There are 2 protein chains.
Amino acid sequence: MTKSSQRFLLEDVARAAAVSTASVSRVLNNAPHVSERLRSRVQAAIDELGYVPHGTARALATRRVGAIAALVPTLDNPIFSTMIEGLERRLKWHDYRLLIATYHYDLQDEVEALRGMIQQGVDGTILVGHDHLAETLRLLALHDVPYLSCWHATRDPDWPTIGFENATPACQLAEHLVMLGHRDIAVVCAPTTSNDRARARLKGFRQALESAGISLAPEHVVTVEYGIAEGSLALERLMRLTPRPSAILCGNDTLAFGVMLAAQKLGLRIPEDLSVTGFDDLPQARFMTPALTTVAVPAADIGTCLADTLVARMKGQNVPHYQQMEAPIVIRGSTGPAPDVATSS
Amino acid sequence: MTKSSQRFLLEDVARAAAVSTASVSRVLNNAPHVSERLRSRVQAAIDELGYVPHGTARALATRRVGAIAALVPTLDNPIFSTMIEGLERRLKWHDYRLLIATYHYDLQDEVEALRGMIQQGVDGTILVGHDHLAETLRLLALHDVPYLSCWHATRDPDWPTIGFENATPACQLAEHLVMLGHRDIAVVCAPTTSNDRARARLKGFRQALESAGISLAPEHVVTVEYGIAEGSLALERLMRLTPRPSAILCGNDTLAFGVMLAAQKLGLRIPEDLSVTGFDDLPQARFMTPALTTVAVPAADIGTCLADTLVARMKGQNVPHYQQMEAPIVIRGSTGPAPDVATSS
DNA sequence: TTGTAGGCGTTATCAT
DNA sequence: ATGATAACGCCTACAA
């Protein structure tokens, strides 16, 4: 009934097996040059005592913790939790634990979180996107923590990354609308400060429209926080414009849901009166009525790939600095010919 | 250009400030009995060298890691990622890091994950639900790791918990349907093995119906995996029954979405031809057409409360063994009078 | 108030 | 192949 629930130490195992602590350690880490006789004797002692190695002590001696950190903007966006799922599963497979911190798009918070993780002791770090404070990079370098960024496609020597193009599919979505005859096109996007992905998508939209000779007026770009209700508000604002846009490009699926809802509430038919696009391809996108035209972001695959690549890098293996995954647009029922075209035909 | 990027140690700070390592340590942990003069001198040295304490070494000496583990079934269900969000934010506030592992409703996997966490060294653990293997409890006790369970309302001396009733609101939902005149009621639920929450909900449904004199025949209970498509399949199966059920109780919102979609596809109007209920109150529930009648699960609050309570417990404070939160039913448009009633009136 | 020295539980470098 | 023993980096009695 002692206060400290006497757990056993490596030393106890050594004593029980009548060998040295070094030998126990060797068995534990199945090092070479261990006789089968000794191994089994030690193993028996381990089993009998129910000995569990002390991770912290091991970490101190090894200078390897067995954990990596993931710093993500938020987990409330399913696209990130899906990525984390993939990451965690694969890390577990590699026998690494996952530490998580969120910073809600506040890059200073990201720095603090990173500082905490480094102090905690992590063997590697995953960051989202290309927008970070200089301090972030400095910390990473100072403590030479292996790291990887993701979700963007910027080739930057400072930022090894596993990502996808945000601008390109955004561009394709806009071209798709243009091809359908739309000329009055508006954009609903997430705040672009500290969010290169949102910026890249907006840039893609803009670029495609401009090469089609369509300029995106400031009042045609509405920036709102993430959320269904927010998307609805954005549409209501856009529908007060004259002429009304015939198509809405949304920065993500959730905003698109909000836009579609508001449209229905306004009596607008989709896609006959209004075309809508999203970005992410959340599970429900294909089930909406009509199904949402969007971009399929390989969230789970990115998570898996991040795990494999970071582990390889931590092992000192040479891994590609830049890995790009496909983020194809998927065209569904929420986009259709522009009303004018339909009418005038 | 040495291999090891010379980071500074506490010893270096001591030397730079011309004090003992003990003094530096005292400043670091702002212990009492430190003169202001010494403190500022040490602080200056710390700042100048950019010294960061070595968490692992500190953990070994202190026997306190500054991290807690959360073992959740999955992160692909938004209800859990929302809880994790709340948990992580609050833990950060308490200056704790969060380790995450998922076990996909495989309790043996949960044990393995827990073992990993304990070995890793965590100061506390969060578990979901009341269904666990005996080994889970044994590990927790053996290593006396403070722990908390959540999401259920079972009063069990072994399981301190912060949760809510699953059966009660399920019951209320069923009663609500009965009150609306429904007699042919079916249930679509998630697999109940290793999932006490799903079981409790099913039990609540069943209980309410039975006290209304309605028996839930086996073919009226369809069990499917989590997912929208799965919900749709379940409804298709149920609609082959004669007579067709006039109301569907779903184990969670996602299944309910699937059910509603399939219903629409079959030309059934909701709620005129079919009433549908969910459980969770995901963000989109209120935005569906019609809006979903469901149960509002306080996911984020649970996360916050878990953090506060676990931290208090780790500090040795006396905390309630059992905390219950409200999970009120919210009645919306997806439920309405039974067709027969409407017709016969 | 400040300093000295031993300990936290493993690993890893030497010998043997 | 196995065994001593010195790190690993910090905390904390205990001493001054």
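Below, chain A is the first sequence line, B the second, and so on; all start at residue 1. A quick note: this is a predicted structure, and the numbers were derived from the prediction, not measured.
Counting only heavy atoms from C-beta outward, the side chains of Ile126(A) and Leu71(A) never approach each other to under 4.5 Å. Here the side chains of Pro73(A) and Val128(A) are in contact, with some heavy-atom distance below 4.5 Å. Side-chain contact between Thr309(B) and Ile162(B) is present, with at least one heavy-atom pair separated by less than 4.5 Å. Val19(B) has its side chain within reach of Val24(B): a pair of non-hydrogen atoms, C-beta onward, lies under 4.5 Å apart. Looking at Gln324(A) and Arg155(A), their side chains never come closer than 4.5 Å, going by heavy atoms from C-beta outward.
Contacts between residues 28-35 of chain B and DNA chain C, defined by a heavy-atom separation under 4.0 Å, are made by His33(B), Val34(B), Ser35(B). Near DNA chain C, meaning a heavy atom under 4.0 Å away, there are no residues from residues 113-121 of chain B.
Taking 4.0 angstrom as the limit, Tyr51(A) places a side-chain polar atom (N or O) nearer than this to OP1 or OP2 of dT10(C).
Checking side-chain atoms of His152(A) against main-chain N and O of Ser149(A) turns up no donor-acceptor pair under 3.5 Å. Distance alone, capped at 3.5 Å, is enough to place a donor-acceptor pair between the Asp123(A) side chain and the Gly66(A) backbone.
For the helix from dT1(C)-dA16(D) to dT16(C)-dA1(D), the axis fitted to the five pairs at one end and the axis fitted to the five pairs at the other end meet at an angle of 40° (nearest 10 degrees).
Considering all non-hydrogen atoms of both residues, Leu49(A) and Ala16(A) come closest at CD1-CB, 4.2 Å. A pairwise comparison of heavy atoms in Asp158(A) and Asp156(A) identifies N-OD1, 2.8 Å as the closest pair.
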For this session: Would you sort out whether Glu85(B) and Ser81(B) count as a side-chain contact (heavy atoms from CB on, under 4.5 Å), showing the intermediate values?
Result: CA-CA 6 Å; Glu85(B) 258 274 345; Ser81(B) 48; over 6 Å; no

Atom pairs, N/O to N/O, protein against nucleotides 3-6 of chain D, distance under 3.5 Å?
from, atom 1, to, atom 2, distance (Å)
dG3(D), OP2, Ser20(A), N, 3.1
dG3(D), OP2, Ser20(A), OG, 3.2
dG3(D), OP2, Ser23(A), OG, 2.6
dG3(D), N7, Arg26(A), NH1, 3.4
dG3(D), N7, Arg26(A), NH2, 3.4
dG3(D), O6, Arg26(A), NH2, 2.5

Expected rows: protein N/O vs nucleotides 6-8 of chain C N/O, under 3.5 Å:
from, atom 1, to, atom 2, distance (Å)
dC8(C), O3', Arg63(B), NH2, 3.3

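The salt bridge (charged side-chain N to carboxylate O under 4.0 Å, His left out) test applied to Arg97(A) returns Asp95(A), not counting sequence neighbours.
The pair Asp109(A)-Lys92(B) does not meet the salt-bridge criterion, since no charged nitrogen lies less than 4.0 angstrom from a carboxylate oxygen. Asp144(A) has a carboxylate O that lies under 4.0 Å from a charged side-chain N of Arg7(B), or vice versa, which qualifies the two as a salt bridge.
Separating the CD1 atom of Ile46(A) from the C1' atom of dT10(C) is a distance of 13 Å, rounded to the nearest angstrom. Atom CG in Leu10(A) sits roughly 6 Å away from atom P in dT11(C) (whole-Å rounding). The separation between Phe8(B) atom CZ and dG9(D) atom C1' is 15 Å, rounded to whole Å. A straight line from CZ of Arg41(B) to C1' of dT1(C) spans 12 Å, rounded to a whole angstrom.
Taking the six-membered ring where the residue is Trp, Trp151(A) and Phe164(A) present perpendicular rings, their angle passing 60° and hence far from 30°.
Separation of the Trp159(B) and Tyr147(B) ring centroids falls under the 6.0 Å cut-off.
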